[in-house]
Amino acid sequence: MKGFEKFILIIFSILIIVVSVFLILVSTQMIQANEILNICVNWLVSHKIAGLVIGAIFSLLALIGIFASSDNGDEIKSGLAIKGETGTVYITRDTFESIIEGVTRSYAELRNVKVDISMSEEGVIANIYAMILPDTIVPALTQKLQSNIKASVLKQTTVEIKEANIKIKGVYLEPQKK
C-alpha cells in the first residue's frame, strides 16, 4: 500500500501545482479564466462519461488518501517499534545494548564487554564480545549469560531476543602492580 499512497500523493501534488499556477496566471490577468472555463465546460458536456469517470477516480483517490494509514512497517532504523492498545513504543538499539551491558556487569568473570545489536524482520540478535578471566568455565558461563540476557530483555521490553551470541575474544590477564 505504501507505493499506492505515494502515487496518490504525487497525483494530488501535480494537481495542486496546476491549480496554483492557474490561480497565479488568472490573478495577474495573464490568461482569461472565462475562456478556459468555457472550454472545460464544453468538453465535459460533450464527453459526459469521461467526465464522470475522471471525477469518480479523483474522488476515490481522495478518499483513499484521506483514510489511508501511514504504516511504516513497524520498524525504524535505529530501533524497534512495538504497537500496543494505547500507542506505539520505540525501543532504540541503545536501549537493548544498555540492558545487555547491565546483565554482563553482574558477571565477575567478564572484562571489556562490547554489545552489538542487529535488528531485522526475523528478530533481534545480540552479539556480545568479551574477554574472560583465567580459570573461567566457558560453557557454563555462556549458557547462563545467554539465558539471563534473553530473560532480562524480555522482562524489560517484552521483546524476545532471537539469538544471544557470545564471542570470547580472549583471556584477560590482570595487569600486575609494580
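Model, not experiment: these values are computed from the prediction. Side chains are part of it too, since the values below use all heavy atoms of this structure and drop only hydrogens, waters and symmetry mates.
The side chain to side chain donor-acceptor pair (under 3.5 Å) test applied to T157 returns no partner, not counting sequence neighbours. Residues passing the side chain to side chain donor-acceptor pair (under 3.5 Å) test with N127 are N165, sequence neighbours excluded. With sequence neighbours left out, L133 forms a side-chain contact (heavy atoms from CB on, under 4.5 Å) with R111, T136, Y172, E174. Applying the side-chain contact (heavy atoms from CB on, under 4.5 Å) test to V113 and every residue at least two apart in sequence or in another chain returns T104, L110, V115, I128, A130. With sequence neighbours excluded, the residues forming a side-chain contact (heavy atoms from CB on, under 4.5 Å) with S152 are I99, V103, Q156, listed by chain and number. With sequence neighbours excluded, no residue satisfies side-chain contact (heavy atoms from CB on, under 4.5 Å) with L60.
Through side-chain heavy atoms spaced under 4.5 Å, either directly or across other Ile, Leu, Val, Met, Phe, Trp or Tyr residues, I36 is tied to I17, V21, F22, L25, V26, M30, I31. Through ILVMFWY side-chain contacts below 4.5 Å, I24 is grouped with nothing and stands alone. Taking Ile, Leu, Val, Met, Phe, Trp and Tyr as members and joining any whose side-chain heavy atoms lie under 4.5 Å apart, directly or through other members, the hydrophobic cluster of V41 also contains V45. The hydrophobic cluster around V19 extends to L23, counting ILVMFWY residues whose side-chain heavy atoms fall within less than 4.5 Å of a member.
Remark: E97 CD to I117 CD1 distance equals 5.5 Å, nearest 0.5 Å. The structure places OG of S106 at 7.5 Å from NZ of K144, a figure rounded to the nearest 0.5 Å.
Applying the ring-ring contact (aromatic ring centres under 6.0 Å, His included) rule to pairs touching residues 95-138 yields nothing, sequence neighbours excluded. Legend: side chain to side chain donor-acceptor pair (under 3.5 Å) pairs involving residues 37-66, not counting sequence neighbours, sorted by first then second residue: W43-H47.
With respect to V153, the side-chain contact (heavy atoms from CB on, under 4.5 Å) criterion is satisfied by exactly one of I91, N148, V124, I100: I100.
For T95 and T92, the side-chain atoms include at least one donor-acceptor pair closer than 3.5 Å.
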